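These notes are about the structure you will find just below.
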Amino acid sequence: MQERSAIVVGALVVLLVLFPLGFLVHVAPRFPGSLAGSLIGISAAILMLVPLIYVAGKRIPVVHRYFAPRIESRTLLSVHIYAGVLAPILGLIHAAHKFDSPMGISLTGIMLVLVISGYVGRYMLIQIGRGLRGRAQELAQLRAALAGAGMAHLMSETSDAPRNIVQRLLLTSAYPGYAGCIG
């Protein structure tokens with residue numbers, strides 16, 4: 001289910017990124033002010049406020065105490081993600097590819113950057129965490145193998161050896177010969 005959700009959100013983000021390019025072939029200058037355009041714009045504005053519920057639930061203790069027994073944190077995160085992707089799509093539909101003013105262009109750009117940064121933060125950085133955990137497991141296996149082979153003396157505990165796991169992983173990937181000196 002989580003993989004399918006990632007695919008759906010990824011597809012919506014791709015749609016959101018490609019959608020503004022439609023102004024090259026289509027412009028509807030009267031749509032944003034029409035009844036349908038206004039309703040879509042109001043819906044987008046309301047949906048843009050919905051992700052704040054998740055943020056408030058995570059950061060404000062009073063709100064957290066209210067939501068914690070009623071709604072699961074994972075559910076709030078899903079609502080946060082989907083509202084955060086659908087609101088800008090509705091906002092772009094409301095704009096109807098009418099990018100005449102600097103204000104409209106800048107708001108559209110900020111909206112796109114915000115969604116892309118959220119997508120990168122949620123889905124892409126997970127891959128980095130998995131990679132780091134894999135490297136830490138690999139390092140533990142190598143240490144165990146060295147200790148089992150009676151070569152524990154190669155794992156020096158000098159003061160200049162990096163103590164942070166991130167430093168260790170970066171040094172072992174950047175300098176393969178350095179792996180034997182890690183303490």
Side-chain angles (χ1 to χ4, degrees), residues 1-136 166 169-170 173:
M1 183 70 174
Q2 190 174 10
E3 183 178 328
R4 194 170 104 199
S5 174
I7 291 171
V8 169
V9 171
L12 288 173
V13 169
V14 168
L15 171 72
L16 183 65
V17 169
L18 295 178
F19 193 77
L21 298 176
F23 80 93
L24 297 172
V25 294
H26 176 264
V27 175
R30 295 176 55 146
F31 181 74
S34 69
L35 177 64
S38 296
L39 291 175
I40 289 173
I42 291 168
S43 300
I46 291 170
L47 269 177
M48 286 182 193
L49 296 176
V50 169
L52 294 177
I53 295 171
Y54 174 74
V55 174
K58 287 296 252 190
R59 306 275 185 233
I60 302 172
V62 174
V63 178
H64 179 72
R65 282 193 300 270
Y66 177 78
F67 280 120
R70 292 171 177 81
I71 301 173
E72 201 174 320
S73 181
R74 191 179 322 156
T75 304
L76 276 177
L77 179 61
S78 294
V79 169
H80 172 87
I81 290 170
Y82 282 111
V85 173
L86 291 176
I89 290 173
L90 289 178
L92 287 175
I93 292 171
H94 163 72
H97 299 122
K98 181 183 174 188
F99 301 117
D100 292 338
S101 69
M103 175 71 94
I105 294 170
S106 62
L107 287 175
T108 301
I110 290 169
M111 192 169 56
L112 291 173
V113 167
L114 184 68
V115 171
I116 291 169
S117 69
Y119 179 75
V120 168
R122 172 70 177 139
Y123 293 104
M124 298 303 182
L125 291 181
I126 289 173
Q127 301 302 322
I128 293 173
R130 286 182 186 154
L132 284 176
R133 281 191 298 276
R135 295 296 298 243
V166 174
L169 292 173
L170 289 175
S173 63

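These numbers come from a predicted model, not from an experiment.
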Heavy-atom side-chain contact between M111 and L92 under 4.5 Å: yes

Hey, does the side chain of H94 reach the backbone of G37 with a donor-acceptor pair shorter than 3.5 angstrom? yes

If you measure from CG on L77 to NZ on K58, what distance do you get to the nearest 0.5 Å? 8.0 Å

Below 4.5 Å, heavy atoms only, C-beta onward: do V79 and I53 meet side chain to side chain? no

Could you check if a side-chain atom of V8 sits within less than 4.5 angstrom of a side-chain atom of L12, using non-hydrogen atoms only? yes

Residues in side chain to side chain contact (heavy atoms under 4.5 Å, CB included) contact with A56, at least two apart in sequence or another chain: I60, V63

Which atom pair, heavy atoms only, marks the closest approach of V115 to P88? CG2-CG, 3.3 Å

For atom CZ of R70, decide whether the heavy atoms of other residues, nucleotides or ligands shown that lie under 6.0 angstrom number more than 12. yes

Provide the closest heavy-atom pair for M48 versus A87 in the form atom of the first, atom of the second, distance. CG-CB, 3.5 Å

Looking only at non-hydrogen atoms, find the nearest pair between L90 and I40 and report the distance. O-CG2, 3.3 Å

Euclidean distance, I93 CD1 relative to L86 CG, rounded to 0.5 Å: 9.5 Å

By side chain to side chain donor-acceptor pair (under 3.5 Å), Y54 pairs with (sequence neighbours left out) none

Distance, nearest 0.5 Å, that separates CG of L114 from CG of L107: 12.0 Å

On a heavy-atom basis, which atom in A44 and which in G91 lie closest, and how many Å separate them? CB-N, 3.6 Å

